[in-house]
Amino acid sequence: MSAVLIDGKAFAAGVRADVATHVARLKQEHGITPGLAVVLVGSDPASSVYVRSKGRMTVEVGMRSVEHKLAADTGEAELLAVIDALNADPEIHGILVQLPLPAHLNADLVINAIAPAKDVDGFHVSNVGLLGTGQKSMVPCTPLGCLMMLRAHHGGALAGLNAVILGRSNIVGKPMAQLLLGESCTVTIAHSRTRDLPDVVRRADIVVAAVGRAEMVPGDWIKPGATVIDVGINRIEKPDGGTRLVGDVDFESCVAVAGAITPVPGGVGPMTIACLLANTVTACCRANGLAEPEGLTA
Ligand code: GUN
């Protein structure tokens, strides 16, 4: 048996097309252009690549893109002043501070300085609390993208399924657990101290792997027919000295057992930016008292 491939690249293109349609309507019917501001401190190469592609895709769907690139030694007060100005700017509907921040900055303090309504990453404690209590919030982009693909693959019928999430990060594992609880799944968060991990994963109808360890999950941990969502993006060396990207699951052995699986690259990755754009449109609609776009929120 070979699993169905969940094509995140195509799915993300569909989400971006939906976002573009809503942006065009906001402009035409209300004279509003959604605006997204990205703040990058320092010049970490991976972060710079992400920020560039975020900016390009923001413009491609018709939104306004603003980038604040600050020196690596920017002080806390200066960064907070930039965030305060963006909070007060009515033309900015979404604010994202690229992580990781340089070590001298307190990421929690910086994130919690963003106005919750503009927190399109969904990392502000207010949004975390709203999500955890089943209230309307901004939802972190990567788990939102995973949820959209899971809903689509399962025809919305997620209730009662056993979901095992590998990884307890604030960015993916914890919000993913809240979202799947919201879908009435039975949710387990497994992590580096979990006992009998293979047996825990074998009980899962849905596996979400978000640990950042290359090819950690072998096929014999996967229940036949399970849906496997691979959030990992790990660069490993090839025998010829080059490198390639792999996920947190061993694709070759898992694809033979799973019912459906996301590839790396081309699975979860493209959905993250698509959901950032979706969150920005949602934030813009809320800020203007307009109906939210359907299908783009949790
Ligand atoms: N760095 C890696 N992933 C993310 C993300 O989803 N949001 C932000 N702000 N920074 C990141």
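Numbering of ligands and ligand atoms starts at 1, following listing order. Worth saying up front: this structure is predicted, and the values here are computed from it rather than measured.
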- Minimum-distance pair of heavy atoms, taken over all atoms of Ile229 and Cys146: CG2-SG, 3.6 Å

- Task: Under 4.0 Å from a heavy atom of Leu96: give me the atoms of ligand 1 that qualify, with their elements.
- Result: 9 (N)

- Query: If you measure from OG1 on Thr280 to NE2 on His93, what distance do you get to the nearest 0.5 Å?
  - Reply: 10.0 Å

- Query: Should Ile171 be counted as touching ligand 1, given the test is an N or O pair under 3.5 Å?
  - Reply: no

- Task: Could you tell me whether Leu99 and ligand 1 have an N or O pair separated by under 3.5 Å?
- Result: yes

- Message: Counting non-hydrogen protein atoms only, what is the nearest one to atom 5 (C) of ligand 1? Give residue, atom name and distance.
- Response: Asp121 OD1, 3.8 Å

- Query: Going by heavy atoms, is Val97 under 4.0 Å from ligand 1?
  - Reply: yes

- Message: Under 4.0 Å from atom 10 (N) of ligand 1, can you find at least one protein heavy atom?
- Response: yes

- Item | Backbone or side-chain N or O of Gln98 under 3.5 Å from ligand 1 N or O | yes

- For the residue pair Leu26 and Pro34, what are the closest heavy atoms and their distance? CD1-CG, 3.7 Å

- Message: Check Glu60 with Arg16, please: is the shortest side-chain N to carboxylate O separation under 4.0 Å?
- Response: no

- Message: For a quick test of reading the model, state the closest non-hydrogen atom pair linking Ile261 to Cys254 and the distance between them.
- Response: CD1-CB, 3.8 Å

- Query: Which heavy-atom pair separates Phe123 from Ile171 by the least distance, and what is that distance?
  - Reply: CZ-CG1, 3.6 Å

- Would you call Tyr50 a ligand 1 contact, heavy-atom distance under 4.0 Å? no

